[in-house]
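For reference, the structure is listed below as structure tokens.
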Amino acid sequence: MNVILLGPPGAGKGTQAKRLVERFGLAHVSTGDILRAAVRDGSKLGREAEGYMDRGELVPDELVVDIIRERIDAPDCRRGFVLDGFPRTVPQAEALEKMLAAAGARIDSVVALDVADEVVVARNTSRRSCPTCGAAYHLVSAPPKTGGLCDRDGTRLVQRPDDQPEQIRRRMAEYRTKTEPLKAYYRGRGRLHELDGSGSPDEVAAQLARIVSG
Ligand code: AMP
């Protein structure tokens with residue numbers, strides 16, 4: 001089972017990807033997490049991507065396509081994977097299609113999580129993240145157990161640099177112009193499912209599970 005989660009920043013892709021991983025044993029592939037880890041490590045990839053990410057812009061297609069090529073080749077992806085935050089442009093989707101065809105694999109479902117702009121802004125503004133492990137929290141609906149500290153490793157939580165108001169606006173604009181056209185791309189291939197992402201994580205997870213189980 002190979003699944004793509006589409007949706008604007010804050011739609012709940014990361015949260016729902018984790019649910020699919022737990023329920024169906026899929027590998028979680030998040031280009032955002034991989035890029036943030038590269039920035040933390042100060043690697044060449046991280047240095048190349050950091051400026052784009054901090055501004056709330058998409059990083060160049062070549063960089064993320066190379067990341068994905070390597071990642072979906074890993075053994076844990078053979079049982080199936082959920083792509084969270086990739087593809088984000090039509091050229092990325094085309095590159096993915098070629099990569100999978102060469103490996104005799106395919107995408108089974110593409111689920112677009114739809115949420116209104118106000119919800120997107122509110123969710124991103126309230127998001128806090130662990131700079132050590134990348135875990136995400138929401139100040140109101142999913143706060144950490146101990147004020148301001150990561151449940152997993154106790155690191156003080158921070159606001160992602162791209163969760164500031166100006167960056168949120170830019171990420172939403174990037175989504176509308178570059179990523180949203182992917183809905184038509186996958187609709188045309190008969191693989192798109194649209195899902196209201198404004199409900200609680202449990203409600204969305206239940207509907208998502210039904211969709212991907214076919
Ligand atoms: P995310 O955690 O998915 O919101 O991604 C955070 C940031 O990483 C995005 O705003 C982009 O700068 C970059 N990024 C993640 N995935 C991609 C992608 N598929 N294409 C281009 N940039 C990406």
Side-chain angles (χ1 to χ4, degrees), residues 2-18 20-21 28-41 43-72 81-100 107 110-113 115 117 119-138 157-183 185-186 197:
N2 297 326
V3 179
I4 292 176
L5 292 182
L6 280 181
K13 299 186 295 293
T15 304
Q16 294 302 329
K18 291 195 183 85
L20 288 177
V21 167
H28 183 188
V29 179
S30 158
T31 39
D33 285 352
I34 294 169
L35 288 166
R36 276 185 292 278
V39 171
R40 278 200 297 278
D41 296 347
S43 68
K44 180 166 174 281
L45 169 67
R47 290 195 304 276
E48 283 172 339
E50 192 170 15
Y52 297 99
M53 295 174 76
D54 284 351
R55 287 190 297 275
E57 294 167 8
L58 294 185
V59 308
D61 288 339
E62 313 79 70
L63 289 184
V64 280
V65 167
D66 283 349
I67 293 175
I68 287 292
R69 186 171 289 119
E70 206 176 299
R71 180 66 187 88
I72 64 177
F81 52 78
V82 48
L83 294 179
D84 156 14
F86 182 94
R88 263 182 159 102
T89 65
V90 170
Q92 288 180 19
E94 289 167 347
L96 175 67
E97 204 94 334
K98 277 202 200 115
M99 241 180 258
L100 291 177
I107 294 295
V110 180
V111 183
L113 295 171
V115 285
D117 283 2
V119 178
V120 167
V121 172
R123 284 189 183 171
N124 286 284
T125 313
S126 307
R127 174 159 53 191
R128 294 294 180 273
S129 314
C130 175
T132 304
C133 72
Y137 298 86
H138 184 283
L157 302 177
V158 296
Q159 195 166 21
R160 269 169 49 175
D162 58 350
D163 277 337
Q164 311 291 331
E166 187 189 328
Q167 280 74 6
I168 295 173
R169 273 194 296 278
R170 193 162 301 137
R171 287 162 64 212
M172 286 166 72
E174 291 277 75
Y175 174 75
R176 297 279 172 239
T177 53
K178 298 180 185 164
T179 308
E180 206 162 32
L182 286 177
K183 286 196 200 169
Y185 178 90
Y186 286 116

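We count ligands from 1, going down the list as the structure has it; atoms in each ligand are counted the same way. Because the structure is predicted, anything quoted here is derived from the model rather than measured.
Between E180 and K183, at least one side-chain nitrogen of the basic residue sits less than 4.0 Å from a carboxylate oxygen of the acidic one, meeting the salt-bridge criterion.
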Hey, mind stepping through R171 and E174 against salt bridge (Lys or Arg N to Asp or Glu O under 4.0 Å) and telling me if it holds? CA-CA 5 Å; R171 287 162 64 212; E174 291 277 75; over 6 Å; no
Verdict with reasoning, D117 to R176, per salt bridge (Lys or Arg N to Asp or Glu O under 4.0 Å): CA-CA 11 Å; D117 283 2; R176 297 279 172 239; 2.4 Å; yes
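Remark: K98 engages no residue in a side chain to side chain contact (heavy atoms under 4.5 Å, CB included) (not counting sequence neighbours).
Counting heavy atoms from C-beta on, the side chains of E97 and Y185 come closer than 4.5 Å.
Here OG1 of T31 is found 11.5 Å from CG of L63. Values are rounded to the nearest 0.5 Å.
In this structure, ligand 1 sits under 4.0 Å from heavy atoms belonging to T31, G32, L35, R36, M53, E57, L58, V59, V64, G85, F86, R88, Q92, R160, D162, R171.
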